Amino acid sequence: MAHDSIQLPCDADGACMRCKATPPTEETLTCSMCATPWHVACLASPPETLVSTLQWHCPDCSGDPLLSAAAVVDGSSSELLASIKAIEADESLTEKEKARKRQELVSGRVEEDGDTKKGKGKEKDSSVLDVLDSSLNCSFCMQLPDRPVTTPCGHNFCLKCFQKWIGQGKRTCAKCRSTIPPKMASQPRINSTLVSVIRMAKLSKSNVAAESHKVFHFMHNQDRPDKAFTTERAQKAGKANAASGKIFVTVPPDHFGPITAENDPARNQGVLVGECWEDRLECRQWGAHLPHVAGIAGQSNYGAQSVALSGGYEDDEDHGEWFLYTGSGGRDLSGNKRTNKEQSFDQKFEKMNEALRVSCKKGYPVRVVRSHKEKRSSYAPEKGVRYDGVYRIEKCWRKVGIQGFKVCRYLFVRCDNEPAPWTSDEHGDRPRPLPAILELKKAIDISERKESPSWDFDSSVV
DNA sequence: GGGCCCGCAGGG
DNA sequence: CCCTGCGGGCCC
């Protein structure tokens with residue numbers, strides 16, 4: 001039974017779209033994330049306490065907490081990560097051996113063949129996740145940390161849990177009571193090394209548990225021609241209906257982050273920031289952004305690998321080092337339409353939009369390409385498509401777009417170690433400093449209010 | 001320049 | 001399988 005299958009908010013006139021009544025304000029609840037009013041009586045599970053009412057997330061936005069704006073991410077590497085990468089790259093090892101070596105590395109000990117397990121006989125596989133569980137867990141929620149931050153004393157917390165702690169005025173480590181430096185309290189940085197380690201460890205667990213369980217199949221198109229080509233079926237001329245040519249890089253389609261030299265057998269240099277291609281098909285061949293038409297590459301239960309900026313959404317803003325991006329969907333693509341600029345229904349955090357939200361939550365890096373079609377941006381290439389490096393999604397939310405329907409919104413902030421492609425042109429000859437988070441919040445506040453009076457930024461920030 | 005249409009690629 | 005998708009060429 002699905003008695004709660006249909007959950008609808010109030011419409012623009014304040015009428016509940018479910019019972020059609022127009023409830024007085026005191027009988028509505030406003031989502032703290034998307035600022036949409038909902039009729040309390042029609043909610044499947046209304047909040048029970050005052051506090052939960054104040055921080056209430058509507059059915060569209062709930063599922064998990066959204067992220068407060070914060071935290072520029074540190075891009076430093078570590079020996080541990082380098083070692084794991086070395087194992088990954090070792091062609092003499094099987095997947096199983098790689099998994100074992102990763103485990104040994106992270107656990108700091110060598111597994112013996114038989115039983116090294118601490119009694120209890122729960123599961124006999126001692127996976128690296130178990131080790132992570134005991135040593136790296138967030139001391140607040142006792143889970144592997146989301147968007148982990150690490151104190152100087154070496155303890156890890158979810159960004160959100162940490163900020164909550166700081167928000168309560170605490171300035172000592174919740175685990176060992178060491179002092180937390182003011183800088184970290186005011187601007188915690190996501191430990192991107194730990195993000196990678198946790199992700200690899202999870203991969204390793206799935207390798208051990210289900211060896212041949214390939215979540216995402218690899219495209220076997222290494223044998224295709226060097227350039228995009230026209231198939232028998234695609235009888236129209238040119239690249240309009242072309243199929244992709246060979247993929248030159250060896251990263252799997254679900255690879256996050258930069259494409260490095262070891263995955264570039266053709267040139268042995270990797271995909272460099274600033275690299276340009278003729279069009280999206282050629283861009284695809286170098287793995288920077290695989291979809292031919294779609295703007296987001298990702299999987300809703302996994303994360304997003306890349307996005308393309310092409311000026312397709314008018315509310316988007318491009319500031320180079322950071323930009324506001326709109327999710328996909330909400331458009332009527334029936335018939336033969338592929339791109340229809342008109343919104344005709346709300347976007348939700350599902351499919352590709354959810355993939356971006358996962359990347360936001362986990363702190364995964366997202367590759368960004370810009371297209372010459374991004375006419376309203378001074379950061380767009382003159383022609384073709386350009387790889388602009390790696391960004392992180394600092395925040396995501398929903399708002400009513402300029403066309404009157406809800407859209408998913410994302411704040412991307414550049415976090416690449418290489419200078420951006422535009423640093424030597426009219427934008428100045430040195431990298432622009434990352435804007436302070438407060439400045440960003442202000443900028444978004446202004447722009448989102450300007451476009452959508454119903455959007456209340458302040459109440460959306462936890 | 002804008003509308004229109006097409007097949008491909010991939011998620012689900 | 002079906003549906004979606006910030007391409008791209010052509011026709012007017």
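Everything numeric here is computed off the predicted structure, so don't read it as measured data. Lettering of chains follows the sequences in order, A, B, ..., and the numbering in each one begins at 1.
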Answer yes or no: is there a donor N or O on one side and an acceptor on the other, between the side chain of [X] and the main chain of [Y], under 3.5 Å?
| X | Y | answer |
| --- | --- | --- |
| A/N340 | A/D332 | yes |
| A/R267 | A/G270 | yes |
| A/R409 | A/G401 | no |

d([atom1], [X]; [atom2], [N]) in whole Å:
| X | N | atom1 | atom2 | value |
| --- | --- | --- | --- | --- |
| A/R233 | B/dC5 | CZ | P | 17 Å |
| A/L281 | B/dA9 | CG | P | 8 Å |
| A/R284 | B/dC8 | CZ | C1' | 9 Å |
| A/E342 | B/dC4 | CD | P | 13 Å |
| A/K236 | B/dC4 | NZ | P | 15 Å |
| A/D279 | B/dC8 | CG | C1' | 14 Å |
| A/Q299 | B/dA9 | CD | P | 17 Å |
| A/K337 | B/dC5 | NZ | C1' | 11 Å |

With heavy atoms under 4.0 Å as the rule, sort [X] into base, sugar-phosphate or nothing.
| X | value |
| --- | --- |
| A/K373 | sugar-phosphate |
| A/T326 | base |
| A/F229 | nothing |
| A/A242 | sugar-phosphate |
| A/G311 | base |
| A/G298 | sugar-phosphate |
| A/T230 | nothing |

(request) May I ask you to check whether over 12 heavy atoms, not counting those of A/K337, lie within 6.0 Å of atom NZ? (result) yes

(request) State which residue, out of A/F256, A/F323, A/Y410, A/Y364, fulfils the ring pair (Phe, Tyr, Trp, His ring centres under 6.0 Å) condition with A/Y391. (result) A/F323

(request) Nearest-nucleotide wise, let me know which of A/G245 and A/S300 is further upstream toward the 5' end of DNA chain B. (result) A/G245

(message) So that I can compare with my own list, what are the stems of DNA chain C, taken as at least three consecutive Watson-Crick or G-U pairs with distances under 3.5 Å?
(response) B:1-6 with C:7-12, B:8-12 with C:1-5

Ignoring hydrogens and geometry beyond distance, is a side-chain donor-acceptor pair present between [X] and [Y] at under 3.5 Å?
| X | Y | result |
| --- | --- | --- |
| A/H372 | A/E374 | no |
| A/Q299 | A/Q305 | yes |
| A/T326 | A/D315 | no |

(message) What I'd like to find out is whether the side chain of A/Y313 reaches to under 4.5 Å of the side chain of A/R331, using heavy atoms alone.
(response) yes

(request) On DNA chain C, reading 5' to 3', which nucleotide is the first and which the last to sit with an atom under 4.0 Å from a heavy atom of chain A, could you check? (result) C/dT4 to C/dC10

(message) Taking the six-membered ring for Trp, are A/F140 and A/F157 closer than 6.0 Å centroid to centroid?
(response) yes

(message) On DNA chain C, does the nearest nucleotide to A/G329 precede the nearest nucleotide to A/H372 from the 5' side, or the other way round? Give the residue.
(response) A/G329

